[in-house]
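Worksheet: one structure, shown below.
Both counts, for ligands and for their atoms, begin at 1 and track the order of listing. Just so we're clear, the structure is a prediction, and the values are computed from it rather than from any experiment.
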Amino acid sequence: MPFVNLNEILPAAKANHYGVGAFNVIGEPFICGAITAAEKEASPIIIAFAEVHESYVPLEFVAEMVKYWAQRARVPVALHLDHAKNVDTIIRAIRAGFSSVMYDGSTTPFADNVKITQKVVAIAKPVGVTVEAELGILTGVEEVAEGKRPTEDFYTDPEQAAEFVEKTGCDALAVSIGTAHGMYTWETMLDFNRLQKISELVSVPLVLHGGSGLSSNDFRTAISKGISKVNVFTECALAAGRAVREAVNDNSKSFPDFCQLGQKAIEDLVRSKIRIFGSCGKAV
Ligand code: 13P
């Protein structure tokens with residue numbers, strides 16, 4: 001089937017208290033692994049591609065590959081641009097056929113984040129493309145590697161979130177409540193009271209970034225308190241890496257086998273996350 005956008009997936013998730021996984025992809029094993037997992041679990045799925053991953057593969061090529069599999073899939077598939085900091089990349093993604101985009105203005109001042117998100121909404125909405133925005137700052141991979149933890153100064157302010165959504169008209173909002181990109185080197189302490197407050201004040205579906213390494217309990221509590229979209233990348237990449245590493249010293253195996261083994265590891269990981277998020281059987 002053709003791509004769906006976030007508004008065709010997330011309102012049902014929000015109303016029925018389950019989460020839909022957004023899994024970042026870089027190449028074929030990621031794409032095929034994630035879509036196969038969604039089909040086996042009869043779950044809607046969001047295939048995400050991050051602007052920074054253009055260092056591996058151009059977004060136009062990703063769009064064509066995902067289109068090929070989505071057209072043959074029996075479950076709804078959204079293709080979402082993740083963490084775009086440049087409006088030019090957003091325009092390219094829309095032209096390439098992405099059904100959803102994220103503008104990440106989280107590190108810019110509030111007024112600029114509002115202004116550019118408004119501009120992105122004005123570009124995307126008329127062509128049926130949904131827009132995710134972010135308020136509050138997420139700790140990045142480099143900072144995590146340096147052992148830096150999220151601090152409350154960077155968390156999303158609930159009143160400001162309501163004002164932001166009202167002013168921008170975005171379709172989904174990524175929030176900062178203590179998650180970080182990459183694997184956690186500390187015990188997570190997510191600010192669920194803040195999340196609850198945000199979800200009481202904000203009408204659009206909320207997004208949790210930094211899903212890798214969170215416990216099932218963290219996921220379930222976050223979803224019960226208003227998260228509808230959950231982003232996962234690092235765990236998929238690590239699972240595929242482990243599978244390849246195990247096979248690499250076996251001389252009977254070569255590169256196509258590595259790709260297949262990596263893909264199967266991603267499929268298994270995505271299936272396990274879909275079950276935790278509760279979206280299995282929700283494909284319609
Ligand atoms: P992780 O790599 O920590 O799972 O985060 C993924 C993410 O939030 C992509 O936007």
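Remark: the E267 side chain and the T36 side chain contain no N/O donor-acceptor pair separated by less than 3.5 Å. For T221 and N217, the side-chain atoms include no donor-acceptor pair closer than 3.5 Å.
Using cut-offs of 30° and 60° for the angle between ring planes, the H53 and F233 rings count as tilted.
By the 4.0 Å N-to-carboxylate-O rule, D268 lies close enough to K264 to be salt-bridged with it.
With sequence neighbours excluded, no residue satisfies side chain to side chain donor-acceptor pair (under 3.5 Å) with K282.
At a threshold of 4.5 Å between non-hydrogen side-chain atoms, the residues L214 and V230 do not count as touching.
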Identify all pairs of nitrogen or oxygen atoms, one from ligand 1 and one from the protein, separated by less than 3.5 Å, and list them with distances.
| unit_1 | atom_1 | unit_2 | atom_2 | d |
| --- | --- | --- | --- | --- |
| ligand 1 | 2 (O) | T234 | N | 2.9 |
| ligand 1 | 2 (O) | T234 | OG1 | 2.5 |
| ligand 1 | 3 (O) | G182 | N | 2.9 |
| ligand 1 | 4 (O) | S212 | N | 3.0 |
| ligand 1 | 4 (O) | S212 | OG | 2.6 |
| ligand 1 | 4 (O) | F233 | N | 2.9 |
| ligand 1 | 5 (O) | G210 | N | 3.4 |
| ligand 1 | 8 (O) | H181 | NE2 | 3.1 |
| ligand 1 | 8 (O) | H209 | ND1 | 3.4 |
| ligand 1 | 8 (O) | G210 | N | 2.8 |
| ligand 1 | 10 (O) | D82 | OD1 | 3.4 |
| ligand 1 | 10 (O) | D82 | OD2 | 2.6 |
| ligand 1 | 10 (O) | H83 | NE2 | 3.3 |
| ligand 1 | 10 (O) | H209 | ND1 | 3.0 |
| ligand 1 | 10 (O) | N231 | ND2 | 3.1 |

